[in-house]
Amino acid sequence: AFYKEKYRPQFHFSPKEKWMNDPNGLVYNDGVYHLFYQHYPDSTVWGPMHWGHAVSKDLIFWEHKPIALFPDELGYIFSGSAVVDKNNTTGFGTKENPPLVAMFTYHKMEKERAGDTDYQSQGIAYSLDNGDTWEKYEGNPVIPNNGMKDFRDPKVFWNDITGKWTVLLVGGDHLLIYESDNLKNWKQVSEFGKNQGAHGGVWECPDLFKLTVEGSDEEKWVLFISINPGGPNGGSATQYFVGDFDGKTFISDQKEKRWVDTGADNYAGVTYNNEPNAERIFIGWMNNWNYGQKTPTVTWRSAMTLPRKLTLHKIDGNYYLKSYPVDEIEKIIEKGKTDEYVGITEKVFHHENFNSSEIKFNTAGKNFELIFGNEKDSLSVVLNNKSIVVDRSKSGLVNFDSSFADKVHTANIEALPDTQFEVRVILDAASVEMFLNKGQVIMTEQIFPTKPYHTLKIRSVDGQKLNLHDFQINKIKSVWE
Ligand code: FRU
């Protein structure tokens, strides 16, 4: 049966079948969150790209919809975004029934194969029935190729500062910003990033939004840029910049490189337009281009991260983005009991299936290890004062690609508080998401245990006694039943 297969995520979004990569067209409209995604309906590896489609009322329970956008003579349908054209600036609908407008990249594969470099351009399509059926604009492309080989991934949003539409595009190694009155005629207004941030690979999937620094009135803009390769733990990853945006030009305050998630499996993530609670909600592709087409699933491939709420914080004079699962996930968490473990050096916990569970506690100190599973299949997460170290080399199936477990994955944790902070670990059938101090440090990693983990050992790594407060192991229910 669907959604009972080995490694099938039970509370993360995955396509019914076949290949999926980036989330696309994240927009809320008329009671539903739309999730479109890069999809190849004929295979479990990447191919001619379509936009798959699903909708949800709460970001947790998803309903699959028919494919929204199919390739046409202008090319495959690569990543992009969607807006509600409330004032009908496009004329595609009416003010009474405003169109949903998707903007995406056309990728003309025949041209790429012929050695041409002008194979990417931007197109739009609209829906007058809240995403069920789509019509492509007859004037496509709305932004023809500009001479750049990598010219893609439009993120469009309504810009309150200019009273226009703004679109972000990547052009190889930097960001391009365009504006428009009607989503059809576009003009470039600025660029960013040729000499800033990480450049280990091509820039992809930009996003830009305003957040208020928690506990203050200060407003800052956050820019997301995915890069592949060049991620902190190999392959693809998403960096962020905190800075200012005057409606046309983005200026970064960031001196060092920052990552939305330091785990190996969170890529091409972007945020929702028109989120009804004025929150910034993020979804990423829970995979990595290094090995993403070889993961050991049979009928489908890839899942999305949990939807996460983004917040901005100032810690010791530096801005930090935090990502934390949306509150709606509580709906499917079956709370167990809460315990206190004081003065322990080691403790073993048993659970019917850690691979659909949440482990949560508060602790002070950063010297301990979590080991899931037994000698045969085990996942180790160590906090050694300075770093978190995730070792998935024995976590289950790892040999499908040499880059999957060739090294441990690490992140700096020195900026975590010296006082108590929360450790929250969420495991599904084929993933682990770790949130330290409510998402100040995050590691998202795929794992493929040969059998579900039944034990968790928590132990001190420096002999010091551990205090685990408000300790919970909770079961997470399937959303696909
Ligand atoms: C990112 C990406 C995008 C592109 C899409 C193609 O993962 O490479 O830049 O639009 O995937 O599927």
Side-chain angles (χ1 to χ4, degrees), residues 15 18-26 35-53 67-71 74-82 102-109 111-113 117 119-125 141 143 145 148-156 167-176 193 198-207 224-231 234-239 260-261 264-271 282-295 301-305 444 446:
K18 309 301 182 190
W19 172 258
M20 174 177 83
N21 57 290
D22 315 357
N24 295 150
L26 302 185
L35 168 59
F36 300 89
Y37 53 90
Q38 289 287 279
H39 182 45
Y40 182 33
D42 295 329
S43 175
T44 50
V45 294
W46 192 90
M49 283 291 114
H50 299 53
W51 275 27
H53 186 202
I67 290 174
L69 296 172
F70 290 79
L74 291 173
Y76 298 177
I77 313 294
F78 271 22
S79 285
S81 49
M103 189 163 182
F104 50 85
T105 296
Y106 271 122
H107 182 97
K108 184 81 175 160
M109 198 43 119
K111 270 182 155 300
E112 182 182 6
R113 294 208 171 111
T117 52
Y119 48 78
Q120 293 187 340
S121 62
Q122 323 311 320
I124 57 177
I143 307 183
N145 185 270
M148 289 173 171
K149 186 164 84 71
D150 295 295
F151 180 57
R152 60 175 176 268
D153 303 345
K155 170 70 190 228
V156 58
V167 76
L168 315 167
L169 285 167
V170 288
D173 64 351
H174 64 288
L175 174 79
L176 308 169
H199 283 279
V202 68
W203 282 26
E204 299 185 317
C205 301
D207 199 357
F224 278 16
I225 297 286
S226 284
I227 69 167
N228 176 43
S236 35
T238 303
Q239 55 180 322
V260 173
D261 188 321
D265 294 297
N266 183 352
Y267 192 60
V270 284
T271 64
F282 166 97
I283 294 179
W285 178 46
M286 198 158 55
N287 208 342
N288 188 309
W289 280 117
N290 266 356
Y291 44 75
Q293 302 187 70
K294 295 192 193 155
T295 53
R301 198 172 264 128
S302 295
M304 296 301 180
T305 65
T444 300
Q446 290 185 92

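Whatever order the structure lists ligands and atoms in, that order sets their numbers, starting from 1. The figures here come from the full heavy-atom set of this structure, side chains too, leaving out hydrogens, waters and symmetry mates.
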field: Side-chain donor-acceptor contact under 3.5 Å, Y106 with N145
entry: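 No, no side-chain donor-acceptor contact under 3.5 Å.
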
query: Do we see a donor-acceptor contact under 3.5 Å between the side chains of N24 and W51?
result: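 The criterion, which ignores hydrogens and geometry beyond distance, is satisfied for W51 and N24.
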
- prompt: Any idea which residues sit under 4.0 Å from ligand 1, heavy-atom distances?
  reply: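 Near ligand 1, by chain and number: N21, D22, Q38, W46, M49, F78, S79, R152, D153, E204, Y267, W289.
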
- request: Dump the intermediate steps for side-chain hydrogen bond (donor to acceptor under 3.5 Å, both in side chains) on D265 and Q446, then the final yes or no.
  value: CA-CA 6 Å; D265 294 297; Q446 290 185 92; 3.0 Å; yes

- request: Verify whether the ring centers belonging to F78 and W46 lie closer than 6.0 Å.
  value: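 Yes, the ring centres sit under 6.0 Å apart.
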
query: Can a salt bridge be assigned to the pair D153 and K155 using a cut-off of 4.0 Å between side-chain N and carboxylate O?
result: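 Looking at K155 together with D153, the answer is no, because their closest N to O distance does not fall below 4.0 Å.
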
query: For the side chain of Q122 and the backbone of F151, is there at least one donor-acceptor N/O pair under 3.5 Å apart?
result: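 Yes, Q122 side chain to F151 backbone: donor-acceptor pair under 3.5 Å.
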
